[in-house]
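I have placed the structure first, in the form of structure tokens, so that the comments after it can refer back to it.
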Amino acid sequence: KDDRVMAIAGGATVAYRCRVVDNVLVQTTTTYPSSMCATVDDAIAALANGDTAIVSGHDKAELNRRLTAAGVSFRN
């Protein structure tokens, strides 16, 4: 039985755990409940405060675009 398929079928989605360290976005892939993922605005606020944010895969491109515009670099 594939737990990942079961998790996604149960309302979870591919998501990214994000944190900015020394002006570099560090992001790791995870599976997370869709309803608990941060919006892009909430993620940016959390990251600006030094916190970790989890965003859905759907929002990752917009988060990356906005962080790039703010001068943040990327590392996978």
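Note that these values count all heavy atoms, side chains included, but never hydrogens, waters or copies made by symmetry.
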Handout entry: Shared hydrophobic cluster for I44 and I54 (ILVMFWY, side-chain gaps under 4.5 Å)
Key = no

Handout entry: V14 with Y32, same ILVMFWY side-chain cluster at under 4.5 Å
Key = no

Handout entry: Check: C37 main-chain N/O paired with S56 side-chain donor or acceptor under 3.5 Å
Key = no

Completion exercise
Interatomic distance, OG@S73 vs CG@N23, rounded to 0.5 Å, equals 6.0 Å

Exercise for the section: Please examine the side chains of R17 and T29, heavy atoms only from C-beta on, and report whether any two atoms are closer than 4.5 Å. Expected result: no

Exercise for the section: Would you give the length of the straight line joining atom CG of L63 to atom CG of L25, rounded to the nearest 0.5 angstrom? Expected result: 6.5 Å

Completion exercise
Taken to the nearest 0.5 Å, the spacing of L67 CG from F74 CZ works out to 5.5 Å

Exercise for the section: Enter the distance from T30:OG1 to Y16:OH here, rounded to the nearest 0.5 Å. Expected result: 10.5 Å

Handout entry: Heavy-atom pair of closest approach, residues A53 and A46
Key = CB-CB, 4.3 Å

Problem - side-chain contact (heavy atoms from CB on, under 4.5 Å) partners for T39, two or more places apart - result: D41, D42

Practice task
Could you tell me whether a side-chain N or O of R19 sits under 3.5 Å from a main-chain N or O of G50, the two making a donor and an acceptor?
Solution key: yes

Problem - Residues, nucleotides or ligands: over 12 heavy atoms within 6.0 Å of D22 CG - result: no

Practice task
Report yes if the side chains of C18 and V55 come closer than 4.5 Å at any heavy-atom pair, otherwise no.
Solution key: yes

